[in-house]
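First the structure, in the form of structure tokens, and then the observations on it.
Each chain gets a letter, A, B and so on, in the order the sequences are listed, and its residues count up from 1. Given the structure is predicted, the values throughout are model-derived calculations rather than measurements.
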2 protein chains.
Amino acid sequence: MRPVGASGVETRQRVEATALALFAAQGFTATGIRQLAREAGITSAALYSYMGCKEDLLASLMRGLMEPLLERSQTIATSDTQPEVRLRALARAHVRLHGEEPLAARIADTELRALTGDLLGEMLALRDAYEALWVAVIVDGVRDGTFACADTRLVAIALIDLCTGVSGWYRPDGRHTLETIATMHADLCVAAIRAPR
Amino acid sequence: MRPVGASGVETRQRVEATALALFAAQGFTATGIRQLAREAGITSAALYSYMGCKEDLLASLMRGLMEPLLERSQTIATSDTQPEVRLRALARAHVRLHGEEPLAARIADTELRALTGDLLGEMLALRDAYEALWVAVIVDGVRDGTFACADTRLVAIALIDLCTGVSGWYRPDGRHTLETIATMHADLCVAAIRAPR
DNA sequence: TAGAACTAACTGATCGATCGATTATAGTGC
DNA sequence: GCACTATAATCGATCGATCAGTTAGTTCTA
């Protein structure tokens, strides 16, 4: 039964926003499609107009964070600037997106294990490509003497993790702007591996 | 039907080890008690000899990480040493335990949202008490001029997160000993917030 | 010392509930 | 009239937890 004035575009947005909120708050598996549908204002059967299956919905939400993050970061990592400038910009981009999209970030950071098959492969590839950008920038910095570190991959992961917690606590009405927070994290990253003078 | 030679002590250990592995690999909610029981070598009914309910089991696994972590860290944070020494030791303790107990760490880091009521309150209190130790040490370091940072809480969380990723990749047969990795992380933490000279 | 009584360590079956996904159908809007 | 946007009902399956019962191991007592 189609309600008066129903719009597929709006309903899709509601479904996605509801899924973001519920998956982030209680986890993918713990969110049943009946709850998702009810809170999106439709029935569970109607959900399948907007998603292939539940796992497809999860993957698309995660993609919604990972793809822009990777894109922004690829541009930064390949820019013709000093490694320190690039590392700062990588950190900023990471914190910014995690602050702008905390729900998607939280899902992307915790629900990889809910994915199977090709979807899992795809998300792992995005994650690995993203990490590789950080590694490359740090390697450049070590090579030109800006940075010093004993294990580039370990450090890249540690710094990415350092920038990741924002999604758990940032609020737009908090003490600092997201830009300030992003800068603080960038400062921490650069200071952490700056080579001794 | 009691099997010949069955031992409650051994069975309990198997249940806990199985739960650690499964909860960490696929998530708490996605791990059904029939699977847990089967892989522990008993039936789902027998599980209830070893846990109050599924959520109780989760909480006890998380407690198994959080309590020693908090204990070790309390001793460190209240020791009569310089803030830098204490921060290094906090980071080491964190990385060490996350490397020694990667499964419990992974669960503690991702499954808080599966808890409800008093259990959730308890775990949140442990987490908050733990964070407060880092904050206190960093505050001391800022006060005595060793450290410089604009927002102590933000930095404490960022540094804890920096040390947390180990549980995702450390393997005992890897390139570095856990002690070396712990030291690297401690170095990153101290360098990240050391005051300019 | 043997058997009864008890405790420990389970089992198969069941309960009430929910799960993700599908199907036939129906109202809406252009 | 047809594409869109839903619905109620249903399917086959699984969920966490409980219950009545069974076997193994230990202790007690006559």
Without decimals, in angstroms, what is the distance between [X] [atom1] and [N] [atom2]?
X	N	atom1	atom2	result
A:Arg38	D:dA8	CZ	C1'	16 Å
A:Asp56	C:dG20	CG	P	14 Å
A:Ile42	D:dA8	CD1	C1'	14 Å
B:Leu22	D:dG16	CG	P	12 Å
A:Gln26	C:dT18	CD	C1'	14 Å
A:Arg12	D:dC4	CZ	C1'	13 Å

Under a 3.5 Å threshold, yes or no: a donor from one side chain and an acceptor from the other, between [X] and [Y]?
X	Y	result
A:Thr177	A:Thr180	yes
A:Thr164	A:His94	yes
B:Arg113	A:Thr110	yes

Is there a donor on the side chain of A:Arg2 or the base of C:dA26 sitting less than 3.5 Å from an acceptor on the other?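 No, the side chain and the base share no sub-3.5 Å donor-acceptor pair.
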Of the nucleotides [options], which one has an atom closest to the side chain of [X]?
X	options	answer
B:Ser44	D:dA17, C:dG20, D:dT7	D:dA17
A:Ala45	D:dC19, D:dA8, D:dC11	D:dA8
B:Lys54	D:dA24, C:dC10, D:dA17	D:dA17
B:Arg34	D:dA17, D:dA6, C:dC10	D:dA17

Non-hydrogen atoms of A:Ala158 and B:His185 that approach each other most closely: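 Looking at all heavy atoms of both residues, the closest pair is CB-NE2, 4.1 Å.
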Starting from the 5' end of DNA chain D, give me the residue, B:Ala6 or B:Ile33, whose nearest nucleotide shows up first.
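Closer to the 5' end of DNA chain D: B:Ile33.
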query = Closest nucleotide of DNA chain D for A:Met1 versus for B:Thr31: which of these residues is on the 5' side?
reply =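 That would be A:Met1.
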- prompt: For the side chain of B:Thr146 and the backbone of B:Val142, is there at least one donor-acceptor N/O pair under 3.5 Å apart?
  reply: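 Judged by distance alone, no pair lies under 3.5 Å.
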TODO: Could you check B:Gly8 against A:Gly5 and say which one's nearest nucleotide on DNA chain C is further toward the 5' end?
DONE: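 The 5'-side residue here is B:Gly8.
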Name every residue in residues 46-53 of chain A that has at least one heavy atom under 4.0 Å from any atom of DNA chain C, in order of residue number, or write none if there are no such residues.
->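 Listed by number, they are A:Tyr48, A:Cys53.
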(Q) Centroid separation under 6.0 Å, is that true for the rings of B:His176 and B:Tyr170? (A)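 No, they do not, as the ring centres are separated by 6.0 Å or more.
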- Side-chain N or O of B:Thr43 less than 4.0 angstrom from OP1 or OP2 on C:dC10?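 It does not, given that no N or O in the side chain of B:Thr43 lies less than 4.0 Å from OP1 or OP2 of C:dC10.
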message: Side-chain N or O of A:Thr11 versus OP1/OP2 of D:dA6: is the shortest distance under 4.0 Å?
response: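 Affirmative; the distance criterion is met.
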### Query
NA contact type, B:Thr29, heavy-atom cut-off 4.0 Å: base, sugar-phosphate, or nothing?
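Result for B:Thr29 = nothing.
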Are A:Tyr130 and B:Trp169 connected in the hydrophobic side-chain network, where two residues link if heavy atoms are under 4.5 Å apart?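 Same hydrophobic cluster.
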